[in-house]
Amino acid sequence: MNITLALGGGGAKGVVHVGILRRLEQEGFIIHAVAGTSFGGLVAVFHALGYTADQIEDMFASLDQTHLFGHLPEHGPSMLGIAGIAKWLTETIGDRTFHDLKIPCTLTAADLNSGDEVLLSEGPLVPAILATIAVPGVFPAWRMNGWELVDGGTVDPVPVAPARQLFPKLPVVAVVLSEPIGVPAQQPWRFPVPEGWSLALMERMNKSRYAKVLDIFLRSLDIITRTVAEHRLKVDQPEIIIRPPVADIDILGRLDIHAVVKRGEQALDAALPELKSFFSWQNQLRRKLGV
């Protein structure tokens, strides 16, 4: 059962992709290529490098979530910095490039200058990841090759078309982390607690006027993302859609990694009858056509 994957964005919600990968591996699906946006791009790269779902889960679980943020002088303006994320990615991935991947992989980003979707599939992996996860205003835009790049979910929250370009004849399984419009989704946003900050201080921050303004901005961005996602899914028509229940997870919140991964496993199990039915129908059609 050969497939390509399109892993959608959603910040910390994207940990759920790991559970979906694990169950796909266990059920014998062969992933020939993967495209990812935002956190989905991060998971896509690790999978394409050859890491198993177990290894990816262990990496995420061992990561100190209070060390992820922080500003560096060379990074542009943003609400939160990515110093910790960049350091961890550099230590983990190093100077490996797309050429080092074991299967084809594409990450997506959006260029602030032109508004174009940018497909990243060449060059060093770490800058490409930092570009695809650059939530507008929250993380700094990433400058490379003349672009000023932000989170790919801005223009394509679930990269079905890029996944299909990698292997046009294979079915695309799309993992969507947003809820349809009309379904309650984004929770009130809260500042993550950085290293060295007390919970009491962060509680006061989260009650501030500044935090409430950011909450309105991020929930509005969520509405836009959900609208774009539903439009793109109708246009790009993935063969299978998996939508894990992650609406309650904050895009920058601290996580119980193992519990969120478990949600991914359960979501794949729920979609498994549809997946197997699709391949059964495909095989029957091939036999009838003699191919």
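Fair warning: this is a prediction, and the values are worked out from it, not measured in the lab.
Shown here for Val34 and Leu166, the closest heavy-atom pair between the two residues is O-CD1, 3.6 Å. Across Ser38 and Gly9, no two heavy atoms sit closer than the pair CB-CA, 3.7 Å. Here the closest non-hydrogen pair linking Ala109 and Val155 is O-CG2, 4.4 Å. Here the shortest heavy-atom pairing between Pro159 and Leu7 reads CD-O, 3.6 Å. Across every non-hydrogen atom of Ala161 and Arg232, the tightest pair is CB-NH2, 4.2 Å. Nearest heavy-atom pair, Val43 versus Gly14, reported as atom, atom and distance to 0.1 Å: CG2-O, 3.9 Å.
Considering CG of Leu149 and CG of Asn113, their distance stands at 9.0 Å, rounded to 0.5 Å. Between Leu24 atom CG and Leu5 atom CG the span is 6.0 Å, to the nearest 0.5 Å. Taking CZ of Phe29 as the start and CE of Met1 as the end, the distance is 4.0 Å to the nearest 0.5 Å. Here the straight-line distance linking atom CG of Leu268 with atom CG of Leu275 works out to 6.5 Å at 0.5 Å rounding.
The salt bridge (Lys or Arg N to Asp or Glu O under 4.0 Å) pairs that include a residue from residues 14-35 are Arg22-Asp54, Arg22-Glu57, Arg22-Glu265, Arg23-Glu27, Arg23-Asp269, Glu27-Lys276, where partners are two or more places apart or lie in different chains. Counting only residues at least two apart or in different chains, ring-ring contact (aromatic ring centres under 6.0 Å, His included) contacts with residues 227-251 are absent. Residue pairs meeting the side chain to side chain donor-acceptor pair (under 3.5 Å) criterion with at least one member in residues 115-133, sequence neighbours excluded, are Ser114-Asp116. Among pairs with a residue in residues 30-49, none fulfils salt bridge (Lys or Arg N to Asp or Glu O under 4.0 Å), at least two apart in sequence or across chains. Applying the side chain to side chain donor-acceptor pair (under 3.5 Å) definition to pairs two or more places apart or across chains, none involves residues 39-50.
Residues passing the ring-ring contact (aromatic ring centres under 6.0 Å, His included) test with Phe46, sequence neighbours excluded: Tyr51, Trp88. With sequence neighbours left out, the salt bridge (charged side-chain N to carboxylate O under 4.0 Å, His left out) criterion links Arg96 to no other residue. Scored by the ring-ring contact (aromatic ring centres under 6.0 Å, His included) test, His258 finds no partners at all (sequence neighbours excluded).
A salt bridge does not link Arg143 with Asp111: none of the charged nitrogens is closer than 4.0 Å to a carboxylate oxygen. Of the charged side-chain nitrogens involved, none lies within less than 4.0 Å of a carboxylate oxygen, so that Arg226 and Glu230 do not count as a salt-bridged pair.
Under the 4.5 Å side-chain contact rule for hydrophobic residues, Met144 and Val150 do not share a cluster. When hydrophobic clusters are built by joining Ile, Leu, Val, Met, Phe, Trp and Tyr residues whose side-chain heavy atoms come closer than 4.5 Å, directly or via intermediates, Leu112 is not grouped with Trp142. Hydrophobic clustering (ILVMFWY, side-chain heavy atoms < 4.5 Å, transitive): Leu49 and Phe39 are in one cluster. In this structure, Leu119 is not a member of the same hydrophobic cluster as Val126, with clusters built from ILVMFWY side-chain heavy atoms closer than 4.5 Å. Linking ILVMFWY residues whenever their side-chain heavy atoms come closer than 4.5 Å, directly or via other members, leaves Leu101 and Leu170 in distinct clusters.
Cluster partners of Ile181, by chain and number: Ile223. The rule joins Ile, Leu, Val, Met, Phe, Trp and Tyr whenever side-chain heavy atoms lie under 4.5 Å apart. Hydrophobic clustering, defined by side-chain heavy atoms of Ile, Leu, Val, Met, Phe, Trp and Tyr closer than 4.5 Å, groups Val228 together with Ile224. Side-chain contacts under 4.5 Å among hydrophobic residues (ILVMFWY), followed directly or transitively, place Ile241 together with Val158, Val160, Val172, Val176, Leu233.
A donor-acceptor pair under 3.5 Å is formed between the side chain of Thr52 and the backbone N or O of Gln55. Proximity of a side-chain donor or acceptor of His17 to a complementary backbone N or O of Gly8 within less than 3.5 Å is detected. With hydrogens and angles disregarded, no donor-acceptor distance shorter than 3.5 Å links the side chain of Lys13 to the backbone of Leu177. At least one donor-acceptor pair closer than 3.5 Å links the side chain of Ser62 to the backbone N or O of Asp58. For the pair Asp151 (side chain) and Gly153 (backbone), a donor-acceptor distance under 3.5 Å is present.
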Test side-chain hydrogen bond (donor to acceptor under 3.5 Å, both in side chains) applied to Thr108 and Asp156, step by step: CA-CA 8 Å; Thr108 69; Asp156 193 359; 5.6 Å; no
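Residues Ile30 and His32 form a side-chain contact, since some pair of their non-hydrogen atoms from C-beta on lies under 4.5 Å apart. Side-chain contact between Thr4 and Val173 is absent, with no heavy atoms from C-beta onward closer than 4.5 Å.
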Side chains of residues 134-141: which donor-acceptor pairs under 3.5 Å do they make with residues two or more places apart or in other chains?
none

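Residue Asp95 places its CG atom among 12 or fewer non-hydrogen atoms of other residues, nucleotides or ligands, all under 6.0 Å distant.
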